[in-house]
Amino acid sequence: MTNTSVLIAGAGPSGLALALALLQNGMSVRVIDKGETHKVGQKGCGIQPRILELYHFMGVLPDIQKKGGLICPVIHYLPNGETKTLSMVTKGEVTPDKPCSEPLLLGQDRHEQILREHLAKYRCEVELGTELVSFEQFADHVVSRVIKTHDGQAVEETIESRWLVGAEGAHSVVRKSLGLTFLGETRQENMVVGDIKIIKPQLDEFWHSYGNATTKSVVIRPSEDPAANKYQFFAMGPQLDMTTVASGREAFIKEFYAVSGRTDIEFGELVWISNFRPNIRMVDKFGSGRAFVAGDAAHVHSPTGGQGLNSGIQDSINLAWKLALVDKGLAAPTLLDTYTQERIPVIAAMLNKTTELHNKTFTQGVASYDAWKRGPELYQFGVNYRGSPIIVDEAGTPESLDPYRSGDGGNLRAGDRAPDASGLVGEKTRLFDIFSTSYHTVLIFSGADPDVTEILDLLKAYPVGSLKSVVILPQDAAPPAVDGSSADFVLTDGEGHAYKHYNGVVVVRPDGMIGALVSGVDGLKQYFKGIFL
Ligand SMILES: Cc1cc2nc3c(=O)[nH]c(=O)nc-3n(C[C@H](O)[C@H](O)[C@H](O)COP(=O)(O)OP(=O)(O)OC[C@H]3O[C@@H](n4cnc5c(N)ncnc54)[C@H](O)[C@@H]3O)c2cc1C
Ligand SMILES: *[C@@H]1O[C@H](CO)[C@@H](O)[C@H](O)[C@H]1NC(C)=O
Ligand SMILES: *[C@@H]1O[C@H](CO)[C@@H](O)[C@H](O)[C@H]1NC(C)=O
Ligand SMILES: *[C@@H]1O[C@H](CO)[C@@H](O)[C@H](O)[C@H]1NC(C)=O
């Protein structure tokens, strides 16, 4: 049998995040990309706070924070000569349960580079110039046909792997070959996007927005890297001749001057430019047999709202741990069905949300406060899998909840994001330093069955390395409250933050979501029966 467990086609953010999460789960991975060089362009440049949390679990966050910047306010130039300034981002508060309070700005090319650097630690390098053209599934493996292009020479090869994931963007070969539907619509709004250098003046403190998207508008914004003098621009509107504007540097500059009147701006090199009409589509299924899709291969939408790249990474983190357990023979292949079951409702809500913002932009114009406001519901804290068949909640089936609620308030139920808790005393000081994309975490609180030893014994019956147990004693516990000596961690809730959200026994999945809220051994058995063989 082949020793490549997963072949990933496409080295965009979805494919790279998937590769890293799989490697952290001990899988062997190959990542191919048809591009002969790495792509340039800031494109999906907003990283939502929930993704920053997932990156914390994966050890990527410090590098993202080092290179990322904050999203600055937008200044609208109105027809009457006045200006209107609006802060797009509602900065949340850093709280003990939410350490990441606002999105970070990071060009997609620099973001991808960070992920590649992390892959390199596992000796995984993206195989460039390697295009997936077709594949065939067998009982226990997949054979993929690829075309390798180097220095103008094309060579055909086959790659054998146990699984195949198509993270190759909107034109996904895997999606088409599997015959997954990709229903939706192509909108008629014209858009041109790209990156360009500006020689002078410096426009570093704001996004600058000119014109009106109901007719024609241009927006230009600084990148997070002040030394680069690189700006991302958007031109859009029904009256925009997108083919002409995207035809080259001079055409773009001419249009920019015409719409903005800012002929004082001296442009440098055009880094890249592209024109498109937004597509709003999604698959009916995220895979079949041994082949899956993730990211733009599974869903495309309007760039308004900055959800695409982030949703792709959430797809990958949802899939990675399931694929790893099934590949290792620890879980039944049916666990992989829950990838579709859990992601479909979230993506449907995401398309609706981004379309709503898109509609506002093009009907009310770019100067509409309403259309530009990016509320905390876009932070993806509210993404939940309450309807999933593998979650267990002894308080009853959780009522379904819009993934685009803000993620604040309401009762914590199985299927929700597991909140952080700082102020722990012991070997670890916060829950997020324990959670990992490569194992389940079982949190045991004082509301659990009194026999903690029995719970810990049960957990030992599950595959080695597949979970960590954490006994959390109340703030005022008089030691020795419980015998937690055989737990991986025994911590005290020094500031009471953990007990504010949690009680009983809580299973946190490798994707940071609550798999089970139960009281003891019976509930745990029920949950893990749905996961492990
Ligand atoms: C202008 C613009 C602005 C955007 N702004 C945001 C934003 O603010 N926030 C946000 O979240 N999202 C944003 N997006 C969307 C975001 O860029 C995409 O959602 C994201 O790139 C999807 O990542 P992916 O990894 O799924 O696919 P992609 O990034 O499309 O990567 C797919 C990769 O697969 C490769 N490939 C294609 N076919 C094959 C093949 N047959 N074999 C091998 N390799 C192949 C491609 O070369 C590519 O490298 C924006 C998009 C655009 C265009
Ligand atoms: C989609 O958005 C519309 C308009 O904002 C809203 O009325 C509707 O309830 C949403 N539907 C879903 C399924 O989220
Ligand atoms: C967006 O606008 C389109 C066309 O005007 C409409 O059909 C659709 O229902 C709107 N969607 C949302 C979510 O507002
Ligand atoms: C943009 O156009 C819309 C529709 O014509 C109009 O309602 C709105 O006031 C305009 N905004 C500005 C700032 O001109």
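In what follows, residues are counted from 1 in the order of the sequence shown. Both counts, for ligands and for their atoms, begin at 1 and track the order of listing. Note that the coordinates shown come from a computational prediction; the quantities given were computed from them, not determined experimentally.
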Which is it for [X] and ligand 1 at heavy atoms under 4.0 Å: side chain, backbone, both or neither?
| X | value |
| --- | --- |
| A167 | backbone |
| L132 | both |
| V133 | neither |
| V193 | side chain |

Between the side chain of R221 and the main-chain N/O of V74, is any donor-acceptor distance below 3.5 Å?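 Side chain of R221 to backbone of V74, a donor-acceptor pair under 3.5 Å: no, none is there.
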
For a quick check under 3.5 Å, do [X] and [Y] share a side-chain donor-acceptor pair by atom type?
| X | Y | result |
| --- | --- | --- |
| T304 | T354 | no |
| R145 | S134 | yes |
| D63 | H118 | yes |
| T214 | N212 | yes |

[atom]: which protein heavy atom is closest, and how many Å away?
| atom | result |
| --- | --- |
| atom 14 (N) of ligand 1 | G44 CA, 3.6 Å |
| atom 53 (C) of ligand 1 | K43 CD, 4.0 Å |
| atom 27 (O) of ligand 1 | G169 CA, 3.9 Å |
| atom 19 (O) of ligand 1 | D296 OD1, 2.8 Å |
| atom 12 (N) of ligand 1 | L309 N, 3.1 Å |
| atom 49 (O) of ligand 1 | D33 OD2, 2.6 Å |
| atom 39 (C) of ligand 1 | E168 CB, 3.4 Å |

Only pairs under 3.5 Å count here: list side-chain donor-acceptor contacts from residues 19-27, not counting sequence neighbours, and write none if there are none.
{"unit_1": "Q24", "atom_1": "OE1", "unit_2": "T437", "atom_2": "OG1", "d": "3.1"}
{"unit_1": "Q24", "atom_1": "NE2", "unit_2": "M58", "atom_2": "O", "d": "2.9"}
{"unit_1": "N25", "atom_1": "ND2", "unit_2": "A21", "atom_2": "O", "d": "2.9"}
{"unit_1": "N25", "atom_1": "ND2", "unit_2": "T437", "atom_2": "O", "d": "3.1"}

Sort out for me which residue in L7, V6, V126 forms a side-chain contact (heavy atoms from CB on, under 4.5 Å) with V31.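 Going through the options one by one, the only one that passes is V126.
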
Nearest atoms (heavy-atom pairs only) where E160 meets T4: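 In this case the closest contact between E160 and T4 is O-CB, 3.8 Å.
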
Minimum non-hydrogen distance to [atom], winning option of [options]:
| atom | options | result |
| --- | --- | --- |
| atom 23 (O) of ligand 1 | P13, G306, C45 | P13 |
| atom 25 (O) of ligand 1 | A17, P278, S14 | S14 |
| atom 21 (O) of ligand 1 | H38, K39, K34, Q108 | Q108 |

Report, in ascending order of atom number, the atoms of ligand 1 lying under 4.0 Å from any heavy atom of [X].
| X | answer |
| --- | --- |
| G12 | 25 (O), 29 (O), 31 (O), 33 (C) |
| V173 | 41 (N) |
| T130 | 43 (C) |
| G295 | 26 (O) |

Less than 3.5 Å between some nitrogen or oxygen of [X] and one of ligand 1, yes or no?
| X | value |
| --- | --- |
| F276 | no |
| W272 | no |
| N310 | yes |

Assess whether side chain to side chain donor-acceptor pair (under 3.5 Å) is satisfied between N279 and R281, documenting all intermediate values. CA-CA 6 Å; N279 267 284; R281 297 173 188 277; 2.9 Å; yes

Would you kindly check if the NZ (Lys) or CZ (Arg) of R175 is within the cone defined by 45 degrees around the ring axis of F182 and under 6.0 Å from the six-membered ring centre?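 Checked: cation-pi criterion met.
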
NZ or CZ of K322 within 45° of Y339 ring axis and under 6.0 Å: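 No cation-pi geometry.
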
Which word best sums up how the rings of F138 and H141 line up, parallel for under 30°, tilted for 30 to 60°, or perpendicular for over 60°?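 Plane angle under 30°, so parallel.
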
R262 and V218: CA distance, side-chain angles, deciding distance, side chain to side chain contact (heavy atoms under 4.5 Å, CB included) verdict: CA-CA 11 Å; R262 288 290 304 263; V218 291; over 6 Å; no

When you measure from the heavy atoms of G312 to every atom of ligand 1, does any distance fall below 4.0 Å?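 Contact absent.
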
Does ligand 1 have any atom that is closer than 4.0 Å to a heavy atom of V300?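 No, that is not the case, since the closest heavy atom of the residue is not under 4.0 Å from the ligand.
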
Atoms of ligand 4, numbered as shown, that sit under 4.0 Å from any heavy atom of [X]:
| X | value |
| --- | --- |
| L78 | 13 (C) |
| N212 | 1 (C), 2 (O), 3 (C), 8 (C), 10 (C), 11 (N), 12 (C), 14 (O) |
| P79 | 14 (O) |

Checking the N or O distance criterion of under 3.5 Å, is ligand 3 in contact with N359?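 Yes: some nitrogen or oxygen of N359 is under 3.5 Å from one in ligand 3.
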
For ligand 4, does T215 get within less than 4.0 Å through its side chain, its backbone, both, or neither, judged by non-hydrogen atoms?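 Near ligand 4, T215 shows nothing, with every heavy atom at 4.0 Å or more.
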
When you compare the side chain of K353 with that of Q307, does any pair of heavy atoms fall below 4.5 Å?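 Sidechains of K353 and Q307: no contact.
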
Between F286 and L319, is there a side-chain heavy-atom distance shorter than 4.5 Å?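 When only atoms from C-beta onward are counted, F286 and L319 do not touch, as no gap falls below 4.5 Å.
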
Could you list the atoms of ligand 3 found under 4.0 angstrom from a heavy atom of N352?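 Those atoms are 13 (C).
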
Looking at CG of L70 and CG of L104, how far apart are the two atoms once the value is rounded to the nearest 0.5 Å?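 Rounded to the nearest 0.5 Å, the CG-CG separation comes to 6.5 Å.
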
In plain terms, say whether D416 and R386 are close enough for a salt bridge, that is, a side-chain N and a carboxylate O under 4.0 Å apart.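 Judged by the 4.0 Å cut-off on N to carboxylate O distance, D416 and R386 do form a salt bridge.
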
T363 N/O under 3.5 Å from ligand 4 N/O: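 No - when backbone and side-chain N and O of T363 are compared with those of ligand 4, no distance drops under 3.5 Å.
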
